[in-house]
Chemist: 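My questions all concern the structure below.
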Amino acid sequence: MSEIKPLSPAWLDAIVAASADRPSAGGLHGVVTLTVPRQKLTIEIADGKVLGARDDEVDTVLPFTGQQYHDWLAGSLNLSAAYTTGDLRATGPTGPLLAALELLDDPLVRAAVG
């Protein structure tokens, strides 16, 4: 599979489909805006699955540099570890952030967009 343009409608479709096959992660929910340079997407996460895009009420913003996104896609950047060490910074409450990190660190979810 060729890489999908970051945070595009095709990216959203791929991550929704990949997350639908994951076991339920009760309690992991929130509305999170993901950003990469010149791109932004707000998603709703419930029980560890992406429900779709949202246009309102952002809980947490998780910005990626271009290099971080590339490294994450290649599997060489664990987002939870990067957040813990301060290499990845987010704004907003921790609960929705943890939902996003747990979701995006799943190799099957990452593979769906790479």
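Since we're looking at a predicted model, the values are computed, not measured.
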Chemist: Same cluster or not: V58 versus L41, using hydrophobic residues (I, L, V, M, F, W, Y) connected whenever any side-chain heavy atoms lie under 4.5 Å apart?
Modeler: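 No, because V58 and L41 fall into different hydrophobic clusters, even though each may have its own neighbours under 4.5 Å.
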Chemist: Which atoms form the tightest heavy-atom contact between G30 and P96, and what is the distance?
Modeler: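 Result for this residue pair: CA-CB, 3.9 Å.
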Chemist: Looking at every heavy atom in both A14 and I4, which two are closest together, and how far apart are they?
Modeler: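 The pair with the smallest heavy-atom distance is CB-CD1, 3.8 Å.
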Chemist: L34 vs L104, test: side-chain contact (heavy atoms from CB on, under 4.5 Å). Steps then yes/no.
Modeler: CA-CA 11 Å; L34 307 171; L104 295 170; 4.0 Å; yes
Chemist: Could you tell me the separation between the OG1 atom of T65 and the CG atom of L88, rounded to the nearest 0.5 Å?
Modeler: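 Output value for this atom pair is 8.5 Å.
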Chemist: Side-chain heavy atoms under 4.5 Å apart, restricted to Ile/Leu/Val/Met/Phe/Trp/Tyr: what other residues fall into the cluster of V31, or is it alone?
Modeler: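 For V31, no cluster forms, as it stays isolated from other hydrophobic side chains.
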Chemist: Nearest 0.5 Å please: distance from the CG atom of L79 over to the CG atom of L101.
Modeler: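 Here the rounded value is 6.0 Å.
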Chemist: Who are the salt bridge (Lys or Arg N to Asp or Glu O under 4.0 Å) partners of D56, not counting sequence neighbours?
Modeler: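 Expected list: R54.
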Chemist: Which pairs, with at least one residue in residues 88-102 and sequence neighbours excluded, count as a salt bridge (Lys or Arg N to Asp or Glu O under 4.0 Å)?
Modeler: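 Listed by first then second residue: R22-E102.
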Chemist: May I have all residue pairs that pass side-chain hydrogen bond (donor to acceptor under 3.5 Å, both in side chains) and include part of residues 34-43, sequence neighbours excluded?
Modeler: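 As it turns out, the side-chain hydrogen bond (donor to acceptor under 3.5 Å, both in side chains) pairs with a partner in residues 34-43, which skip direct neighbours, are T33-T42.
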Chemist: List for me each residue that meets side chain to side chain contact (heavy atoms under 4.5 Å, CB included) alongside D71, sequence neighbours excluded, and say none if there are none.
Modeler: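 D71 satisfies side chain to side chain contact (heavy atoms under 4.5 Å, CB included) with Q67, S76, L77 only.
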Chemist: In Å, rounded to the nearest 0.5 Å, how long is the span from CG of L51 to NE2 of H29?
Modeler: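 Rounded to the nearest 0.5 Å, the CG-NE2 separation comes out at 11.5 Å.
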Chemist: D21: which residues meet the side chain to side chain contact (heavy atoms under 4.5 Å, CB included) condition with it, sequence neighbours left out?
Modeler: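 With sequence neighbours excluded, D21 shows a side chain to side chain contact (heavy atoms under 4.5 Å, CB included) to no residue whatsoever.
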Chemist: Checking V50 against L12 for the side-chain contact (heavy atoms from CB on, under 4.5 Å) test, could you report, in this order, the C-alpha distance in whole Å, the side-chain angles of both residues, the deciding distance, and whether it holds?
Modeler: CA-CA 9 Å; V50 177; L12 176 63; 4.3 Å; yes
Chemist: Evaluate the criterion side-chain contact (heavy atoms from CB on, under 4.5 Å) for residue pair L103 and L28; output intermediate values, then yes/no.
Modeler: CA-CA 9 Å; L103 170 80; L28 292 177; over 6 Å; no
Chemist: Atom CD1 in I15, atom CD1 in I45: separation rounded to 0.5 Å?
Modeler: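 Answer for the CD1-CD1 pair, I15 versus I45, is 8.0 Å.
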Chemist: Flag yes if W11 and L62 sit in one hydrophobic cluster, no otherwise; membership is Ile, Leu, Val, Met, Phe, Trp, Tyr, and two members link when side-chain heavy atoms are under 4.5 Å apart.
Modeler: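 As far as the 4.5 Å side-chain criterion goes, L62 and W11 are connected within one cluster.
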Chemist: Measuring from L108:CG to S19:OG, what's the distance to the nearest 0.5 Å?
Modeler: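 It is 11.0 Å, given to the nearest 0.5 Å.
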Chemist: F64 vs Y69 aromatic rings, parallel, tilted or perpendicular, using cut-offs 30° and 60°?
Modeler: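 If you compare the ring of F64 with that of Y69, the planes turn out perpendicular.
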Chemist: Give, for atom OH of Y83 and atom OG1 of T94, the distance between the pair rounded to the nearest 0.5 Å.
Modeler: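 Interatomic distance, Y83 OH to T94 OG1, rounded to 0.5 Å: 4.5 Å.
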Chemist: For a quick test of reading the model, state the closest non-hydrogen atom pair linking G114 to L73 and the distance between them.
Modeler: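 Closest approach of G114 to L73: CA-CD1, 3.6 Å.
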Chemist: Quick check: closest heavy atoms across D47 and G27, and the distance to 0.1 Å?
Modeler: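 Closest pair (atom of D47, atom of G27, distance): OD1-N, 3.5 Å.
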